[in-house]
Number of protein chains: 2
Amino acid sequence: MSLLHALSVSPGSGEPIYRQLMDQIRRLAAGGQLQPGSEMPSVRELAQALAVNPMTVSKVYSLLELEGVLLRRRGLGMQVADQGAATHGQDERLALLRGTLQRAALEAKQLELEPAAVLALLQQLLEEKP
Amino acid sequence: MSLLHALSVSPGSGEPIYRQLMDQIRRLAAGGQLQPGSEMPSVRELAQALAVNPMTVSKVYSLLELEGVLLRRRGLGMQVADQGAATHGQDERLALLRGTLQRAALEAKQLELEPAAVLALLQQLLEEKP
DNA sequence: TATGCTGTATTGGTTGATTAATACACTAGA
DNA sequence: TCTAGTGTATTAATCAACCAATACAGCATA
């Protein structure tokens with residue numbers, strides 16, 4: 001899997017770019033798609049791929065190092081930490097998705113949508129290819 | 001229904017407050033929970049209830065007036081416009097939820113979660129009382 | 001008219017996010 | 001040693017979001 005393709009940002013979405021990236025990297029680590037010891041793209045590589053400033057990516061890497069998700073190795077590139085990439089159990093991973101699902105549920109209620117229709121659409125989206 | 005209780009903001013969520021409010025009001029209008037001709041709370045009322053600045057609420061109201069969702073009436077308070085509150089069909093309302101569900105689906109995939117588990121949790125959240 | 005509400009205009013300020021540009025320290029390989 | 005990469009530090013600037021404070025114009029009521 002090329003991490004450069006797995007990560008994306010929506011600059012106009014209203015959420016800061018650095019947060020989007022942090023969230024995504026956390027999820028990939030929790031889901032086991034980032035293996036302990038594997039190399040992260042360099043700040044310059046990722047910044048170029050995403051068309052953002054290298055210092056923005058550096059900020060992401062710094063904050064994730066503080067969380068224990070990544071290991072910083074100046075001159076060598078960042079690495080996925082053992083702790084950070086420990087694949088979590090399904091319940092823990094579901095808990096990471098809970099916030100987004102709560103938001104979806106709230107929006108569905110504001111829109112007065114039937115649960116069955118909402119669940120059908122989500123199922124369709126879950127089954128689509130990336 | 002008290003609109004003051006139906007609206008909320010999460011200031012630390014990373015999404016601008018004014019966008020959160022606009023999104024919510026749009027959804028309530030599309031879902032028929034805001035009736036044409038009904039009164040919106042004053043900018044001061046809503047600002048106080050949400051602990052934000054009145055000019056922030058005024059910005060929301062101005063932008064929604066540009067969209068045709070609200071009608072501005074200086075000195076009289078804002079009103080829900082006819083066009084804005086036209087209850088949309090289910091397909092149109094589902095389309096308004098699609099963005100959030102796509103995000104949820106993407107996050108579930110990043111977390112390597114089984115669709116069945118995701119759908120079960122969303123169903124539970126949809127059935128919970130507000 | 002006065003009062004109390006309504007939304008708006010305006011000025012000035014703060015904060016967070018993002019960026020450009022430059023330079024430094026570190027690593028690996030030739 | 002030099003080169004080419006690595007992440008970091010630093011300065012300065014811009015922009016969006018948000019705010020406080022004040023005042024104005026409009027509306028309704030007494």
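All of these numbers come straight from a predicted model, not from anything done at the bench. All heavy atoms count here, side chains included; hydrogens, waters and symmetry mates do not.
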What residue pairs, at least two apart or across chains, pass side chain to side chain donor-acceptor pair (under 3.5 Å) with a residue in residues 50-63 of chain A?
none

Would you compute the distance between atom CD of E114(B) and atom CG of L119(B) and round it to the nearest 0.5 angstrom?
11.0 Å

Separation of atom CD in Q79(A) from atom P in dT6(D), rounded to whole Å
15 Å

Would you say T56(B) places a side-chain N or O within less than 4.0 Å of OP1 or OP2 belonging to dC19(D)?
yes

Between atom CG in L70(B) and atom C1' in dG7(C), what is the gap in whole Å?
13 Å

Verdict with reasoning, E15(B) to D23(B), per side-chain contact (heavy atoms from CB on, under 4.5 Å):
CA-CA 11 Å; E15(B) 194 185 12; D23(B) 288 344; 3.6 Å; yes

Gap between atoms CG and C1', on L63(A) and dG16(C) respectively (whole Å)
13 Å

Between I17(A) and P54(B), who's closer to the 5' end of DNA chain C by nearest nucleotide?
P54(B)

Side-chain contact check for M78(B): nearest option of dG7(C), dT19(C), dC18(D) is dG7(C)

Of the candidates dA9(D), dA17(D), dG7(D), the side chain of K59(B) sits closest to dA17(D)

Step-by-step side-chain contact (heavy atoms from CB on, under 4.5 Å) determination, M40(B) to L34(B)
CA-CA 9 Å; M40(B) 295 295 290; L34(B) 287 186; 4.2 Å; yes

Go through dG7(C), dT6(D), dA17(C) for me and flag the one nearest to the S42(A) side chain.
dT6(D)

Contacts to DNA chain C from residues 43-52 of chain B, heavy-atom cutoff under 4.0 Å, which residues?
V43(B), R44(B)

R73(B) CZ - dC27(D) C1' separation (whole Å)
10 Å

Measure from the side-chain heavy atoms of R72(B) and tell me the nearest of dT18(C), dC18(D), dT8(C).
dT8(C)

Quick one, give me the B/S/- string for nucleotides 25-30 of chain C, reading 5' to 3', where B means a protein heavy atom under 4.0 Å from the base and S means that only happens at the primed atoms, P, OP1 or OP2.
BBSS--

Short side-chain N/O contact from S62(A) to OP1 or OP2 of dT8(D), under 4.0 Å
yes

Pair R73(A) + E39(A): basic N to acidic O under 4.0 Å
yes

Please determine whether a side-chain nitrogen or oxygen atom of N53(B) lies at a distance below 4.0 Å from atom OP1 or OP2 of dA20(D).
yes

Nearest whole Å is fine: how far is dT8(C) P from L71(B) CG?
12 Å

Checking M22(B) against E67(B) for the side-chain contact (heavy atoms from CB on, under 4.5 Å) test, could you report, in this order, the C-alpha distance in whole Å, the side-chain angles of both residues, the deciding distance, and whether it holds?
CA-CA 10 Å; M22(B) 285 181 73; E67(B) 282 186 23; 3.5 Å; yes

Look at the side chain of Q20(B) and the backbone N and O of S10(B), then say whether any donor-acceptor pair between them is shorter than 3.5 Å.
yes

First encountered from the 5' end of DNA chain D, between S58(A) and M55(B):
S58(A)

For the pair made of CD in E65(A) and C1' in dA9(D), what is the distance, rounded to whole Å?
16 Å

Does Q90(B), at its CD atom, have more than 12 non-hydrogen atoms belonging to other residues, nucleotides or ligands within less than 6.0 Å?
yes

Restricting to non-hydrogen atoms, name the atom on L50(A) and the atom on L7(A) that form the minimum distance, rounded to 0.1 Å.
CD2-O, 3.6 Å

Salt-bridge contact K109(B)-E128(A) (side-chain N to carboxylate O under 4.0 Å):
no

Using whole Å, what does the distance between atom P of nucleotide dT8(C) and atom CE of M40(B) come to?
12 Å

Integer-rounded Å distance: dT8(D) P and Y61(A) OH
10 Å

